[in-house]
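Presented below is the structure to which this report refers.
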Number of protein chains: 2
Amino acid sequence: MRSKKAIFDLIPIGIYMMSDFTPLFDYVEKLSGKVLSADEKQIFMRHFKSKKLKKRQYFLQEGDVCKYTGFVVKGSARTFTVDEKGHEHILKLSVENWWLNDFESFYQLTPSRFNIQALEDMEILQITNALVDEFIKPIPAFAAMQNVISQNYTIAAQKRMQSAISQSGEQRFQELINEYPHFLQRFPQNMIASYLGLSPETLSRIRKNALK
Amino acid sequence: MRSKKAIFDLIPIGIYMMSDFTPLFDYVEKLSGKVLSADEKQIFMRHFKSKKLKKRQYFLQEGDVCKYTGFVVKGSARTFTVDEKGHEHILKLSVENWWLNDFESFYQLTPSRFNIQALEDMEILQITNALVDEFIKPIPAFAAMQNVISQNYTIAAQKRMQSAISQSGEQRFQELINEYPHFLQRFPQNMIASYLGLSPETLSRIRKNALK
DNA sequence: TGTATTTAATGACTAAAGTCAAGATCCAGC
DNA sequence: GCTGGATCTTGACTTTAGTCATTAAATACA
């Protein structure tokens with residue numbers, strides 16, 4: 001049985017940790033539509049580890065297995081590939097309340113084709129695949145959240161695919177402005193260009209035309 | 001209590017139906033890694049309805065809600081959009097053992113942005129969202145299958161996005177040949193071109209060059 | 001089998017986007 | 001504030017892919 005002293009000792013840690021985890025708890029509850037119990041929150045806090053990444057630091061490098069999935073508490077990152085000409089192509093821009101990983105590599109434990117790199121100083125909560133399976137997936141709110149995410153992701157991927165196939169660079173740029181207007185403030189233009197599948201020069205010219 | 005006669009009456013129907021449903025059962029069992037009980041199979045057979053589509057017939061038209069999800073037993077279809085210039089862009093080619101729907105419209109019951117049209121005479125097994133939720137999702141093998149599908153789909157969408165953003169028309173075509181070699185035999189070249197985001201003329205020229 | 005329709009190939013031209021190079025501007029860190 | 005790297009703009013040119021028009025080939029099907 002726990003003494004009053006022991007409980008007291010835990011409080012400062014608890015308070016400190018809780019504030020870190022609040023965004024994650026809010027996110028899981030919001031997407032799943034379920035409430036997390038105090039016990040369930042403890043499970044999260046025991047198995048997710050806080051990690052800081054400096055700007056330009058890599059979360060994952062091509063060829064490595066994506067051992068962790070991370071929840072972005074603060075900062076941003078890009079997921080990109082490098083083609084045979086040495087050009088980088090950004091597939092995903094991740095900001096607060098997004099997950100950071102390469103699905104394929106993380107679930108199948110195969111070497112990744114992607115690089116994931118911090119664009120700003122970051123704070124993430126990360127966990128391994130094995131620990132997710134053993135401790136986190138059994139939490140109903142988490143499993144429900146996963147289903148919602150994969151549904152949303154599938155829909156978003158389809159939309160993006162549609163614009164990649166059927167729209168001009170300019171149209172894709174306009175769409176990005178509408179969907180993620182803050183991206184323009186937050187990320188350098190060459191990153192936006194790479195995300196749209198355009199050269200930085202082309203995006204610069206598109207913007208110039210759009211303003212006239 | 002059921003008489004011997006009544007059971008006997010059911011057998012021919014059962015046998016007839018079973019043969020239709022075999023591909024679906026095999027598919028669910030394979031993807032989920034679980035075995036379906038006789039009772040569970042009966043649930044499938046009670047709620048999925050067989051439907052035939054003639055070549056060129058529409059399964060879904062832009063602006064309509066995608067009321068059904070269909071499992072392709074035989075034939076093929078394309079999912080496409082029409083842009084403001086009247087050009088069609090194929091997002092998905094569906095053949096045997098694939099599902100036929102617009103996720104977004106089907107789950108959210110919103111008007112679809114896509115058309116789905118048979119490219120060959122088709123035979124599908126279809127069901128509404130409400131019936132899936134009530135009768136089919138509770139079957140563990142089906143729920144497990146859904147998770148596997150959404151994982152696979154997410155990975156495939158990411159791969160396709162990567163090639164759309166970072167590869168030339170020719171490279172995308174080569175990749176298609178490697179991944180789905182039978183598509184070239186089965187579908188007209190202009191459909192393949194549309195799927196790759198190319199004009200039919202460009203694909204024709206790419207093929208000519210590749211042969212030299 | 002013959003004819004209409006669809007699909008594919010090709011040439012000439014146009015449009016969109018990429019490449020390379022140079023200069024301007026912005027900004028982080030000392 | 002100064003300085004070096006990063007980012008952005010612009011011009012000249014090249015490459016890639018789209019468009020339009022025409023002809024050829026394949027296919028459907030009556």
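Excluded from the calculations below are hydrogen atoms, water molecules and symmetry mates; all remaining heavy atoms, backbone and side chain alike, are included. Naming: A, B, ... by sequence-line order, numbering from 1 per chain.
Residue-to-nucleotide contacts include no donor-acceptor pair under 3.5 Å from the side chain of E201(A) to the base of dC8(D).
In this structure, the CZ atom of R205(A) is 12 Å from the P atom of dT19(C), given to the nearest Å. We find that CG of N190(B) is positioned 13 Å from C1' of dA9(C), with the value rounded to whole Å. The CD1 atom of I192(A) sits 13 Å away from the P atom of dT7(D) (whole-angstrom rounding). One interatomic measurement links the two molecules: CG of L198(A) to P of dA15(C), which rounds to 20 Å at whole-angstrom precision. Regarding I206(A), its CD1 atom lies at a distance of 12 Å from the C1' atom of dG18(C), rounded to whole Å. The CD1 atom of I165(A) sits 11 Å away from the P atom of dG18(D) (whole-angstrom rounding). The distance from atom CZ of R172(B) to atom P of dA17(D) is 7 Å, rounded to the nearest whole Å. Rounded to whole angstrom, the span from the CZ atom of R186(B) across to the P atom of dT27(D) amounts to 16 Å.
Between H47(B) and F135(B), a ring centre-to-centre spacing shorter than 6.0 Å is recorded. Within the 6.0 Å centre-distance limit, the rings of F44(B) and F25(B) are counted as a close aromatic pair.
Residue R56(B) is the one, among R56(B) and L203(B), whose nearest nucleotide of DNA chain C lies closer to the 5' end (criterion: closest heavy atom). When each of T202(B) and P200(A) is assigned the nucleotide of DNA chain D with its nearest heavy atom, P200(A) is the one assigned upstream, toward the 5' end.
With dA17(D), dT19(D), dT10(D) as the choices, the nucleotide that has an atom nearest any side-chain atom of S204(A) turns out to be dT10(D).
Taking both residues in full, the closest heavy atoms of Y27(B) and N97(B) are given as CE1-O, 3.2 Å, listed atom of the first, atom of the second, then distance.
Around the CZ atom of F106(B), the shell of radius 6.0 Å holds more than 12 heavy atoms that belong to other residues, nucleotides or ligands.
Dashed line: the shortest gap from a side-chain N or O of K208(B) to OP1 or OP2 of dT10(C) is under 4.0 Å. In terms of phosphate contacts, Q189(B) brings no side-chain nitrogen or oxygen within less than 4.0 Å of OP1 or OP2 of dT6(C).
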